[in-house]
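A short write-up of the structure that comes next.
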Amino acid sequence: MSDSMRQAVILRVTCPYCERSGFVHSNLRKHMLSHGIEIKDYRSKGFRRTNDQKYIYTSAEDPDAVVHHECIACDYHCVDVKDLKAHITQDHNVKSDEGVQLTSDDDREVESHQLDNFNEEEEENNNTISAVALEVLTKAYKLMREEQKWKLSTGKYVEDELYKFAKKCVYDHPSLSFILDPYDATYLQQGVFTEAEIDEMKACNRVIMEPLQKDVIAYLKLFNCTTTEQLRMACLKNLEWYQPFNRKEHFYQDWIRRTIDMMIAEFEAGSLNSQHSESWYMARIWTMIDRVFADVEDLETVRGESSSIATSTRKNQDRVIASMVKMKRKAMGRRGDLILRKNSAEYGCAEAGAKDEGSWGTKKLMEKGVKAAKTLKDMLNNLCDLVDNVESSVRQLRTIGYILSGLSMELMVMDSPMGYCCRITRSKLYSVPTSALQVRRKLLPLMSALISTKLLVLKVINEVEHHDLDDDDLEDSLANTFQEESSRIGSPKRTTIVFPTCNVTPTKRKQSST
């Protein structure tokens with residue numbers, strides 16, 4: 001039969017029960033467990049689909065091809081998903097228990113056992129979400145009170161739209177943790193929000209960075225130079241603050257001068273014109289972040305050897321002593337390249353990479369879009385606990401993220417302007433110059449931005465450390481010392497709000513050699 005008589009077909013791996021598409025075979029088996037469906041049949045070993053007398057199997061680029069949904073247990077495929085569902089029920093002896101959801105801890109153990117016994121057919125994507133993640137999403141959503149959600153001028157509730165979108169996701173996405181990134185083009189592409197709605201969400205209680213003091217701006221302007229010789233001369237000007245030195249009043253002048261001095265050495269050596277390792281950039285360039293916080297009492301800039309306390313706390317919140325099931329191994333938090341920590345409170349983190357891929361490189365998208373976003377939310381949730389989840393204080397909290405790629409830096413600020421969502425605000429892309437010629441255009445704005453982030457962190461620290469109960473709440477807490485906080489009757493003057501925790505993070509399953 002000639003090719004003109006055969007139908008060109010594009011195959012899709014689709015769940016016949018909720019009609020979500022985009023899976024690989026092994027992941028669909030896992031996903032179907034959330035519907036109470038387990039397919040025990042497998043294709044024969046070495047199965048390979050070839051063109052036949054009826055069909056030519058082609059790629060998505062073929063404009064004449066028809067989409068078919070394929071069975072993961074045999075060679076069957078069809079146009080209508082309902083036919084696929086009927087085929088699985090009849091030919092693979094699968095009883096349909098639609099609507100069955102995993103809800104209890106016992107169910108999670110059963111699901112985990114079932115997944116561990118799968119005969120993997122192909123490599124999984126490291127970022128694919130599980131049935132447990134969808135269950136966590138739904139539980140968090142059902143706990144939200146309608147009157148505390150974020151309502152837009154169009155009548156939409158932000159939480160409702162994020163929930164509907166997250167349920168359709170195949171891969172880990174911030175929406176699964178109710179993190180709103182209004183800069184994510186996916187929301188426009190998928191019709192979740194309109195451009196006007198996105199602008200409204202960006203503008204709502206907009207994050208405003210703290211302005212620099214006039215004397216600090218004036219000192220920065222002294223380094224409006226184009227050669228290392230001019231920079232050296234500028235370092236020797238206006239030094240009346242240097243001796244006697246008042247650290248409280250002149251810290252920023254000292255930090256600016258030392259940073260410029262450090263950069264002069266790199267300019268003269270020409271070292272910034274070559275590619276280096278991530279550790280080189282962190283040790284030679286981005287220590288300027290550590291040093292700008294050096295005068296904050298008890299605040300540490302903890303580097304990679306320590307993980308985030310906030311993330312570790314979230315991952316271990318379900319641990320119990322061994323009884324009916326084996327005790328879970330303690331999970332560690334994400335190891336950020338830098339964490340801003342004051343006592344047990346964390347206010348920000350840095351994620352670093354050696355190569356500058358621009359704003360939309362794969363590594364940078366993962367770092368800022370998922371990893372850093374979830375870490376910042378864990379930190380924000382922890383700060384909310386420290387202010388007793390009082391809404392008026394919660395709305396003042398921020399956590400800061402530094403996304404570093406080679407010589408470039410992008411800033412992320414996480415807050416919660418309304419409702420249960422945590423919002424991301426992004427800065428423009430800053431970069432370290434490779435020569436003194438670019439100091440005015442690149443280095444001075446970068447240093448100004450770092451000082452602004454520190455001022456923001458100081459404002460949040462002040463909010464956390466000076467938060468206190470009012471007289472009514474103090475009397476109540478003293479009268480009910482041993483009563484669970486969730487069961488107390490709170491003061492009508494102080495509205496509280498509790499954000500959902502971050503969703504579970506997908507892990508890459510090891511492939512068997514057999």
Side-chain angles (χ1 to χ4, degrees), residues 9-49 55 57-60 65-103 107-138 164-173 175-176 190 503-512:
V9 169
I10 300 170
L11 295 176
R12 292 278 185 269
V13 181
T14 305
C15 173
Y17 298 91
C18 66
E19 300 188 8
R20 284 176 57 198
S21 189
F23 295 94
V24 295
H25 293 179
S26 56
N27 291 328
L28 180 56
R29 288 181 183 273
K30 295 179 185 181
H31 167 78
M32 288 174 69
L33 287 174
S34 67
H35 298 293
I37 304 298
E38 182 181 5
I39 299 180
K40 296 183 178 180
D41 293 343
Y42 285 84
R43 291 174 176 173
S44 59
K45 188 175 180 179
F47 171 83
R48 187 177 182 85
R49 196 184 297 278
Y55 301 113
Y57 300 103
T58 184
S59 66
V66 175
V67 173
H68 278 211
H69 306 282
E70 64 173 323
C71 176
I72 59 175
C74 67
D75 62 355
Y76 177 84
H77 55 85
C78 58
V79 174
D80 195 330
V81 178
K82 293 182 177 61
D83 292 337
L84 176 60
K85 180 178 177 181
H87 160 77
I88 290 174
T89 302
Q90 297 167 12
D91 295 354
H92 295 292
N93 196 29
V94 172
K95 294 181 180 179
S96 178
D97 294 322
E98 273 191 277
V100 176
Q101 298 293 329
L102 302 171
T103 55
D107 290 330
R108 289 195 186 189
E109 293 297 327
V110 170
E111 182 201 39
S112 177
H113 174 74
Q114 290 172 325
L115 298 190
D116 287 340
N117 284 280
F118 273 135
N119 175 23
E120 299 290 351
E121 295 180 314
E122 55 190 280
E123 184 178 358
E124 292 181 46
N125 186 291
N126 187 33
N127 210 29
T128 307
I129 63 173
S130 64
V132 173
L134 294 174
E135 177 198 348
V136 171
L137 170 74
T138 299
K164 287 187 285 187
F165 171 73
K167 286 199 301 181
K168 300 176 183 177
C169 290
V170 176
Y171 302 107
D172 194 21
H173 188 269
S175 59
L176 285 150
Q190 299 298 322
N503 212 318
V504 294
T505 301
T507 55
K508 189 171 184 177
R509 292 172 56 84
K510 294 182 179 179
Q511 290 289 305
S512 170

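All figures in this text were calculated on a predicted structure; none of them were measured in a lab.
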Looking at Val81 and Pro16, what are the two nearest heavy atoms and their distance? CG1-CA, 3.5 Å
Using every non-hydrogen atom in the two residues, find where Ala166 and Leu176 come nearest and quote the distance to one decimal. O-CD2, 3.9 Å
Tell me every residue that passes side-chain hydrogen bond (donor to acceptor under 3.5 Å, both in side chains) with Lys167, counting only those two or more places apart in sequence or in another chain. none
Look only at the side chain of Asp41 and the backbone of Ala73, and say whether a donor-acceptor pair between them is shorter than 3.5 Å. no
Any salt bridge (charged side-chain N to carboxylate O under 4.0 Å, His left out) involving residues 66-82? Give me the pairs, sequence neighbours left out, ordered by first then second residue. Arg43-Glu70, Arg49-Glu70
Please check if the side chain of Asp83 supplies one atom and the backbone of Cys78 the other of a donor-acceptor pair under 3.5 Å. no
Nearest heavy-atom approach of Asn503 to Leu137 is ND2-N, 3.7 Å
Side-chain contact, heavy-atom cut-off 4.5 Å: Lys85 with Ile88? no
Show your reasoning for whether side chain to side chain contact (heavy atoms under 4.5 Å, CB included) applies to His92 and Lys40. CA-CA 8 Å; His92 295 292; Lys40 296 183 178 180; over 6 Å; no
Closest heavy-atom pair and its distance - Val79, Val66: CG2-CG1, 4.3 Å
Intermediate values then yes/no, side chain to side chain contact (heavy atoms under 4.5 Å, CB included), Asp91 and Tyr76: CA-CA 10 Å; Asp91 295 354; Tyr76 177 84; 5.7 Å; no
Residue pair Ile129 / Tyr171: nearest heavy atoms and the distance that separates them: CG2-C, 3.5 Å
Residues forming a side-chain hydrogen bond (donor to acceptor under 3.5 Å, both in side chains) with His68, sequence neighbours excluded: His77
Start with the C-alpha gap between Leu134 and His31, add the side-chain angles, then the distance that decides, and say whether side chain to side chain contact (heavy atoms under 4.5 Å, CB included) holds. CA-CA 9 Å; Leu134 294 174; His31 167 78; 4.1 Å; yes
Scanning both residues in full, the closest heavy-atom pair of Lys164 with Lys168 reads O-CG, 3.6 Å
